[in-house]
Amino acid sequence: MTYFESVNKIQYEGPKSTNPFAFKYYNPEEKINGQTMEELLRFSVAYWHTFTANGSDPFGVGTAIRPWDHLKGLDLAKARVEASFELFEKLDVPFFAFHDVDISPEGSTLKETNENLDVIVAMIKDYMKTSKVKLLWNTANMFTNPRYTHGAATSPNADVFAYSAAKVKKGLEVAKELGAENYVFWGGREGYETLLNTDMKLEMDNLARFFHMAVDYAKEIGLNVPFLIEPKPKEPTKHQYDFDVATGLAFLQKYDLTDYFKFNIEANHATLAGHTFEHELRTARINGMLGSVDANQGDTLLGWDTDEFPTDLYSNTLAMYEILKNGGLGKGGLNFDAKVRRGSFDTDDLFHAHIAGMDAFAIGLKVANKLIEDKVLDGFVEERYSSYTKGIGLDIVEGKTNFRELEAYALGLTEIKNTSGRTERLKALINQYLLETL
Ligand code: XLS
Ligand code: CA
Ligand code: CA
């Protein structure tokens, strides 16, 4: 059975191509610094947005027209698996990611839910045998079902904590079974609505207890993959505990979890936290904590999580800059946690959207690589901080001085001369590279 009959395997045709079903810039085999684009970008399809979402929003029902719409229950889940592998292959993406409830229906009991999951996981495993597609990460959805209304591991109700533990236990087993590269924790409702009814300390301590139990269980079953925290400041709760990378890092440090966790950074969550995408990537990178990326974009005019496909070349370039500076993504990838707009309801739009995102990130990669090669920013930054490479500056960074000596030095200064930060010049250079690299 074919689900996307009108679409053939997407090929690289180059920037001159007018074929909407072709890559213009993403050429999986093209090498950049000895690595192929496919290896560097590690694209992943998000199962939830592509196969389970239907375009509904708080004001209206779904609009998407999908060839599996007429099915229900496990039949629907199976059709989605078939469709997903067809799409992965046609798009030539090396990875995918899912929540447990995206791939299989919840039963009336936990046991039944797990049994459903086993059926679909076995089917996915079979498909993976003959496909190059690997699982970038899986996760447990602990935010949709009403039982999580007050949180999962941070719920005031210990039964919910226990239920959530059972879900993650199963999730880790699934990760092991399917050879996942990472396991993700997004704190869906791990936060609070109002402090008036919240024991914040207990909730955060419990969250840490939960993570330690997850680490212990992964060790027990021999699942040796990075755990990724995905920061988000708000939505659905008013305040989420893993607000941004800096907050998440302080949490991991306080609770002695930094050896096991890194971050999965989503562009739109950065925007919601009042940061740029590159700020979050930089914060993770300089702390050795950049694990993976949810490649999407938000809308600065809207205060919520719009999960758009990442077509902003400027942002993608600065993101790829951080990723290249990080030495790549390691076991992480660029997961399109992005949904087609409600008005883009055709099945073909799923391809247009992914092609748009893949091409836009390929451009970002090329431009960022050239910026690094030519030391455009590095050269400038090096020069800007050069006072720390000699004299008093060197003494400061080498810890060889103190307030008394610095005071004596300052008293002897006749003039302090600053140099321009050249912001506008640097922005003009980025524009020039964006226009001229390809
Ligand atoms: C929601 C999050 C979610 C995570 C996985 O805003 O982006 O989809 O990526 O649970
Ligand atoms: Ca995400
Ligand atoms: Ca999101």
Side-chain angles (χ1 to χ4, degrees), residues 42-53 56-58 95-103 135-145 148 151-154 164 167-168 170-172 174-175 180-191 207 210-211 214 226-245 248 261-275 277 280-281 284 290-300 302-310 312 315 319 329 332-341 353 357:
R42 297 171 62 86
F43 287 130
S44 156
V45 171
Y47 209 92
W48 53 104
H49 285 310
T50 301
F51 305 107
T52 56
S56 60
D57 70 12
F95 295 101
F96 69 115
F98 63 76
H99 302 84
D100 44 7
V101 305
D102 305 332
I103 60 166
L135 181 58
L136 185 65
W137 51 261
N138 62 309
T139 186
N141 174 326
M142 301 195 293
F143 43 89
T144 300
N145 191 292
Y148 305 113
T154 64
S164 306
K167 292 293 271 183
V168 171
K170 184 73 183 168
L172 297 174
V174 168
E181 305 270 297
N182 305 272
Y183 186 85
V184 162
F185 293 88
W186 168 57
R189 292 185 193 273
E190 311 293 32
L207 186 57
F210 192 90
F211 287 149
F227 281 0
L228 306 177
I229 299 251
E230 185 181 320
K232 186 175 183 184
K234 56 188 168 190
E235 201 198 359
T237 55
K238 188 161 77 178
H239 178 92
Q240 298 203 183
Y241 293 135
D242 47 12
F243 191 96
D244 60 1
V245 173
F261 283 80
K262 287 186 172 182
F263 290 98
N264 180 39
I265 294 168
E266 178 174 320
N268 203 163
H269 297 180
T271 323
L272 292 176
H275 300 309
F277 188 15
E280 287 294 80
L281 292 166
L290 176 50
S292 195
V293 172
D294 270 6
N296 64 9
Q297 69 187 38
D299 186 322
T300 47
L302 303 174
W304 62 90
D305 198 11
T306 58
D307 284 346
E308 294 170 34
F309 273 84
D312 181 336
S315 169
L329 283 163
L334 292 174
N335 175 51
F336 291 114
D337 188 354
K339 58 184 175 204
V340 288
R341 298 303 86 193

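Bear in mind the structure is a predicted one, so any value in this text is a computation, not a measurement. When a ligand or atom number is given, it counts from 1 through the structure's own listing order. Residues: numbered from 1 along the sequence shown. All values below were derived from every heavy atom in this structure, side-chain atoms included, with hydrogens, water molecules and symmetry-related copies excluded.
Within the protein, the N, O or S atoms lying under 3.0 Å from the Ca ion (ligand 2) are E230 OE2, E266 OE1, D294 OD2, D337 OD2.
In terms of polar-atom proximity, E266 is counted as a contact of ligand 1, with an N or O under 3.5 Å from an N or O of the ligand. Ligand 1 has no nitrogen or oxygen under 3.5 angstrom from a nitrogen or oxygen of T139.
A salt bridge is defined here as a Lys NZ or Arg NE, NH1 or NH2 lying under 4.0 Å from an Asp or Glu carboxylate O, and K232 with D244 fails to meet this definition. Salt-bridge formation is not detected for the pair E308/K339: no Lys NZ or Arg NE/NH1/NH2 atom is positioned less than 4.0 Å from an Asp or Glu carboxylate oxygen. Checked for salt-bridge contact, D100 and K170 miss the test: no charged N lies under 4.0 Å from a carboxylate O.
Residue-level proximity to ligand 1 for D294 is carried by the side chain, the only part with a heavy atom below 4.0 angstrom. Using a 4.0 Å cut-off between heavy atoms, N264 makes no contact with ligand 1 at all.
Scanning both residues, N141 and F143, for their nearest heavy atoms gives OD1-N, 3.0 Å.
A heavy-atom distance below 4.5 Å is not found between the side chains of N335 and F95. Looking only at side-chain heavy atoms (C-beta outward), N182 and K262 stay at 4.5 Å or farther from each other. Proximity of L207 to E190: side-chain heavy atoms (C-beta onward) are separated by under 4.5 Å at one or more points.
In the candidate list W186, F185, W137, F143, W186 is nearest to atom 1 (C) of ligand 1, counting heavy atoms.
At the top of the distance list for atom 9 (O) of ligand 1, counting protein heavy atoms only, stands E230 OE1, 2.7 Å. Protein heavy atom at the shortest distance from atom 8 (O) of ligand 1 is D337 OD2, 3.3 Å. If you check which protein heavy atom lies closest to atom 10 (O) of ligand 1, you get H99 NE2, 2.6 Å.
Taking every heavy atom of K232 and a limit of under 4.0 angstrom, the matching atoms of ligand 1 come to 1 (C), 6 (O).
Ring planes of Y183 and F185: perpendicular class, angle over 60° (limits at 30 and 60°).
Close to ligand 1: H269, with a non-hydrogen atom less than 4.0 angstrom away.
In this structure, N138 has no side chain to side chain donor-acceptor pair (under 3.5 Å) partners at least two apart in sequence or on a different chain.
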**Q.** side chain to side chain contact (heavy atoms under 4.5 Å, CB included) between E280 and H269, intermediate numbers included
**A.** CA-CA 9 Å; E280 287 294 80; H269 297 180; over 6 Å; no

